[in-house]
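Please read these numbers as outputs of a predicted model, since none were measured by experiment. Proteins come first, then strands; the chains are lettered A, B, ... in the order of their sequence lines, and each starts at number 1.
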There are 2 protein chains.
Amino acid sequence: MAIQKIESHVAAQWFAGNSEGSKLVNPTTEEVVATASTDGIDYAAALEFARKEGGAALRKLTFAQRGELLQQMSDALQAERENLIESAIANGGCTRGDAKFDVDGAIGVLAYYARSGSKMGDVRVLPDGDGLKLSRSPRFWGQHVWLPRRGVAVLINAFNFPAWGFAEKAACAILGGMPVVTKPATATALTSYLCTKAIVDAAGLPAGVYSFIGGRPGDMLDHLGPQDLLSFTGSAATGQTLRRTESVIQNSVPVNVEADSLNASVLGSDVEVGSDAWDLFIKEVTREMTQKTGQKCTAVRRIIVPQDRVDDVIEALGEGLDDIQIGNPTLREARMGPLASKAQLRDVKAGLAQLLEDTDVVYGDPEAAIEGPGIEAGKGYFHPKLLLKARDAHGAKYVHNLEVFGPMATICAYGGEAEEASTLVNKGMGGLVASVYTDSNDFAETMMMESSAFHGRLYFGSGKILDHAMGPGLVLPQCVHGGPGRAGGGEELGGMRGVEHFMQRTAIQGARGMVQSITGTRESK
Amino acid sequence: MAIQKIESHVAAQWFAGNSEGSKLVNPTTEEVVATASTDGIDYAAALEFARKEGGAALRKLTFAQRGELLQQMSDALQAERENLIESAIANGGCTRGDAKFDVDGAIGVLAYYARSGSKMGDVRVLPDGDGLKLSRSPRFWGQHVWLPRRGVAVLINAFNFPAWGFAEKAACAILGGMPVVTKPATATALTSYLCTKAIVDAAGLPAGVYSFIGGRPGDMLDHLGPQDLLSFTGSAATGQTLRRTESVIQNSVPVNVEADSLNASVLGSDVEVGSDAWDLFIKEVTREMTQKTGQKCTAVRRIIVPQDRVDDVIEALGEGLDDIQIGNPTLREARMGPLASKAQLRDVKAGLAQLLEDTDVVYGDPEAAIEGPGIEAGKGYFHPKLLLKARDAHGAKYVHNLEVFGPMATICAYGGEAEEASTLVNKGMGGLVASVYTDSNDFAETMMMESSAFHGRLYFGSGKILDHAMGPGLVLPQCVHGGPGRAGGGEELGGMRGVEHFMQRTAIQGARGMVQSITGTRESK
């Protein structure tokens with residue numbers, strides 16, 4: 001395959017960087033597949049073009065019309081679906097299944113918000129709640145409304161979802177009326193670039209609505225202003241750096257961060273070995289440990305298990321993990337590919353060394369040579385599947401604090417009470433999702449009351465949804481995605497909730513007739 | 001009056017500081033009225049007590065029960081109302097009207113949220129939106145809920161509203177289930193302290209629900225954790241300092257900032273001199289310039305007037321301002337007292353000097369000696385009422401950027417089109433409220449579409465509400481209060497919207513029956 005040159009798209013023009021740029025590698029073969037340079041981009045001009053041209057164009061459109069743009073974006077990706085999947089296999093080390101998870105997720109989330117826009121119809125003002133009588137007489141009236149922020153939304157995405165990552169943010173921003181500048185992680189930016197090419201060539205967006213920075217972001221963030229917005233997915237450390245940016249602090253720029261998360265999976269003490277809930281637990285935890293080689297923000301990192309079930313769980317998960325064949329992801333028989341980059345492999349190894357201070361290995365061998373179909377000996381950023389067990393679940397130093405972004409998880413034993421399981425879950429200090437496998441409403445209710453505040457989402461697996469559930473790792477556009485504390489304190493998606501983050505909520509007060517007329521909230525007679 | 005010693009209330013105990021502390025002054029007479037020291041407070045222990053004891057106690061209560069606590073707080077302030085008003089006159093330089101505005105606001109906002117709790121009833125889970133069918137079959141179900149954050153809400157308030165300022169924040173926090181630690185601005189903390197004494201002595205709150213820091217906050221903010229929350233009202237500069245706090249950044253602590261705001265008041269070009277809308281405009285702008293001696297975050301700072309109405313506006317506002325008698329606020333005939341402190345007087349004078357680079361004085365005399373009933377010559381932090389006019393409304397350097405917190409505002413002329421008025425309004429780069437006086441729905445709609453994104457609230461004054469409107473300066477608990485950009489990017493109040501900021505929104509997923517049971521959202525049959 002020829003080495004591709006990733007370009008940026010700013011101020012409605014393609015821009016090839018002025019330097020050789022970063023090298024993007026196939027993590028299976030270590031061959032260079034693309035280069036990316038952004039040297040020479042005028043970021044101040046790029047952001048201002050988006051604000052002025054893209055913002056004005058979007059604000060003229062109704063929600064339904066913005067939805068049409070999103071459908072065109074979704075269609076443009078659908079038309080290039082095979083190429084996008086191929087690129088994610090080549091540049092991301094994804095299996096075909098992993099690549100589809102990302103690419104189809106992008107196509108789907110754009111289509112979901114396209115439908116949302118269509119349902120909202122030909123209006124530009126989104127009312128929030130009911131009208132309010134503000135004085136004794138009904139003449140003085142209030143109505144909250146959402147209208148688009150008048151800046152640009154800068155979207156910085158993680159390496160693990162080069163397609164879905166930008167799409168889920170861009171869908172909400174564009175439906176909300178904000179133009180976007182999207183910047184993928186450089187290591188796997190080929191797929192994001194090909195998405196952008198598809199969109200620019202086919203989706204027919206107004207100039208300035210969608211811009212793309214194909215590599216390092218230079219001084220872009222120094223140009224953020226008080227109507228702009230920054231949305232980031234990636235490490236907690238980088239999220240903190242973004243929050244310290246002077247332009248962000250001085251202009252009260254909203255920063256949505258989705259960061260580290262030690263997602264826990266709890267086996268309820270009511271669940272018998274071999275029951276439907278048990279089977280769901282084993283099936284889903286196995287998948288959430290290995291899908292995308294454990295490189296999902298929603299992957300299971302901690303498995304909270306009743307003390308008297310620990311051996312059964314190790315045995316059953318071991319059988320599940322045995323079925324996950326490591327291999328060259330271009331091959332159909334491979335169910336788990338390499339990590340996405342050399343840097344990721346280094347970080348995973350370093351993290352594992354710390355986890356091993358707290359834990360024993362109960363499945364797999366950290367030192368084993370990697371073998372599998374299509375793997376060239378000594379090549380590629382592969383890592384073995386591992387199951388660890390904490391020696392002291394409550395006292396562990398790293399297990400609850402260090403997100404190791406690879407195919408591994410740690411079993412933590414608890415006595416059987418939901419309160420104790422919650423205490424362990426909450427030691428993660430804020431996460432994206434916790435999953436609880438139980439058929440007991442009481443167990444579930446206690447977990448919800450004690451652990452909701454630490455999570456953006458709680459997933460309850462039970463026998464009743466054995467054939468209907470989708471697992472805790474799947475992020476649906478209908479439900480919010482994000483979490484407090486370590487997880488960054490952000491929130492995305494959740495239907496219109498995610499769109500509202502790109503808008504300003506304003507209370508409109510005045511004479512009832514005037515307020516109802518300008519906000520489009522007059523009752524039909 | 002004897003000098004009072006302000007104590008703190010932490011870990012359910014009164015604490016007198018270990019040093020002499022700061023001196024609080026009567027700004028009319030410059031006499032010391034109180035001292036405040038926090039030296040020796042163990043802030044880590046204080047916050048932890050609030051989290052552990054206060055948080056647990058509140059989470060056991062239903063919304064209705066938390067509402068009862070708020071009603072008891074409101075009643076406790078009502079019982080001490082006269083003393084509180086006296087203290088605001090003595091320590092804040094408030095006229096009796098100004099003092100009532102603050103104290104009755106506190107009593108009212110607590111009572112408003114008490115009623116909200118009562119209406120929500122005996123439940124502890126607040127559903128958000130409808131249930132969601134998440135798979136083709138209706139078995140896999142989703143429901144968003146709000147539950148209390150499990151930390152402590154640290155509330156830092158401004159000097160101008162020592163009663164309402166803590167009450168509007170504490171009402172939302174406590175109804176949401178979070179314990180509070182409230183810290184007033186030291187200069188006018190006497191009223192906040194007396195509110196605290198009333199509440200501690202009479203309201204019967206569970207231990208740890210309400211704590212009070214009567215002076216400097218020491219290293220308190222270094223102890224914030226990932227479930228805590230920081231809410232601040234004050235200067236933009238201090239708000240930025242709070243956002244830079246390492247504990248805040250590292251723990252993704254939500255920071256709600258309500259800061260500087262160059263609130264504009266626009267006279268529509270359709271409004272004829274002498275019409276009802278005109279009368280409302282003149283009456284309300286006069287009040288918003290002088291109430292609390294211009295020391296309101298919602299005070300009018302910029303008056304946007306059609307070019308051909310400027311002389312009429314200067315004449316009419318001048319007559320209105322003539323009626324505002326400066327004087328010793330203990331006297332009934334005084335309608336405007338001094339600024340609240342020597343530091344405020346210094347800041348106002350410095351700010352005025354900068355404004356005068358852009359403007360001419362069209363009413364009042366910045367250098368005039370202050371005279372009025374009960375004013376001792378040369379004593380007190382009085383400042384004259386001033387009306388300024390920008391020489392170049394669009395090009396002015398300070399008029400749109402510098403909030404001068406005293407009894408003055410600047411007239412900016414515009415050609416008559418709503419688009420141009422909006423451009424001038426938006427130069428404030430984010431504010432709490434803009435007011436627009438017009439009887440034209442078209443003018444109002446353009447202002448809303450162009451200026452909403454820069455404001456938390458837009459107030460439309462028109463002839464139809466001449467006798468019903470409350471003016472842009474009144475912050476109602478039903479409507480959101482806050483604004484983007486320079487105004488800090490925060491949001492408070494707005495009914496349940498303000499309460500939700502103290503809670504975590506979580507998507508609950510699972511079998512339909514289980515989700516509906518634990519979230520309390522089962523449909524009645």
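- Contact count versus chain A (heavy atoms, under 4.5 Å) is highest, among Val515(B), Asp128(B), Val145(B), for Asp128(B).
- Across all non-hydrogen atoms, the minimal contact from Ile518(B) to Asn441(A) is CG2-O, 3.6 Å.
- More than 12 heavy-atom neighbours from other residues, nucleotides or ligands sit within 6.0 angstrom of NZ on Lys133(B).
- Ala507(B) approaches Cys479(A) most closely through the heavy-atom pair CB-CB, 3.8 Å.
- Proximity to chain B among residues 428-439 of chain A is limited to Met429(A), Thr438(A), Asp439(A), judged by heavy-atom separations below 4.5 angstrom.
- Taking every heavy atom of both residues into account, Pro226(B) and Gly485(A) meet most closely at CB-CA, 3.7 Å.
- Judged by distance alone, the side chain of Thr506(B) and the main-chain N or O of Ser452(A) form a donor-acceptor pair under 3.5 Å.
- The residue among Arg497(A), Met470(A), His481(A) with the most heavy atom pairs within less than 4.5 Å of chain B is Arg497(A).
- The two residues Met448(A) and Leu147(B) make their nearest non-hydrogen contact at O-CD1, 3.8 Å.
- For Gln504(B), the part lying near chain A is the side chain, with the backbone staying farther off; criterion is any non-hydrogen pair under 4.5 Å.
- Here Glu445(A) is the residue among Arg512(A), Glu445(A), Met496(A) with the most heavy-atom pairs under 4.5 Å with chain B.
- Close approach to chain A, defined as a heavy atom under 4.5 Å from one of its heavy atoms, is seen in Gln240(B), Arg243(B), Arg244(B) of residues 234-244 of chain B, taken by number.
- Smallest separation of non-hydrogen atoms from His468(B) and Ser135(A): O-CB, 3.9 Å.
- Each ring-ring contact (aromatic ring centres under 6.0 Å, His included) pair with one or both residues in residues 489-518 of chain B, not counting sequence neighbours, would appear here, but there are none.
- Within the 4.5 angstrom heavy-atom criterion, no atom of Pro254(A) approaches chain B.
- With a threshold of 4.5 angstrom between heavy atoms, Gln250(B) approaches chain A through its backbone and through its side chain.
- For the set Gly488(A), Gly142(A), Gly482(A), the entry with the most heavy-atom pairs within less than 4.5 Å of chain B is Gly488(A).
- Nearest heavy-atom pair, Pro484(B) versus Arg149(A), reported as atom, atom and distance to 0.1 Å: CB-NH1, 4.2 Å.
- When heavy atoms are compared at a cutoff of 4.5 Å, Glu450(A) approaches chain B by way of both its backbone and its side chain.
- The most heavy-atom pairs under 4.5 Å with chain B, out of Val253(A), Asn251(A), Ile508(A), come from Ile508(A).
- For Val125(A), the part lying under 4.5 angstrom from a heavy atom of chain B is the side chain only.
- Atom NZ of Lys60(B) sits in a sparse spot, with 12 or fewer heavy atoms from other residues, nucleotides or ligands closer than 6.0 Å.
- Between chain A and the residues Gln478(B), Glu491(B), His144(B), the most heavy-atom pairs under 4.5 angstrom are made by His144(B).
- Proximity to chain B is limited to the side chain of Leu476(A), based on heavy atoms less than 4.5 angstrom apart.
- In this structure, chain B has a heavy atom under 4.5 Å from the side chain of Glu246(A), while its backbone stays farther away.
- Proximity to chain A (any heavy atom under 4.5 Å) is shown, for Gln143(B), by neither the backbone nor the side chain.
- Put simply, of Leu132(A), Val257(A), Leu134(A), Asp228(A), the one with the most heavy-atom pairs under 4.5 Å next to chain B is Leu134(A).
- Note on Ser137(A), Ala259(A), Gly489(A): by heavy-atom pairs under 4.5 Å with chain B, the leading option is Ser137(A).
- Taking the charged nitrogens against the carboxylate oxygens, Arg139(A) and Asp467(B) have no contact shorter than 4.0 Å, which rules out a salt bridge.
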Identify every side-chain donor-acceptor pair in residues 453-465 of chain B under 3.5 Å, counting partners at least two apart or on other chains, and give the distances.
residue	atom	partner	partner atom	Å
His455(B)	ND1	Ser451(B)	O	2.8
Arg457(B)	NH1	Gln509(A)	OE1	2.9
Arg457(B)	NH1	Pro472(B)	O	3.2
Arg457(B)	NH2	Pro472(B)	O	2.7
Tyr459(B)	OH	Glu284(B)	OE1	2.9
Tyr459(B)	OH	Glu284(B)	OE2	2.9
Tyr459(B)	OH	Gly471(B)	N	3.1

Go through Arg124(A) and Met449(B) one step at a time and tell me if the side chain to side chain contact (heavy atoms under 4.5 Å, CB included) criterion holds. CA-CA 9 Å; Arg124(A) 297 189 294 157; Met449(B) 295 305 289; 3.9 Å; yes
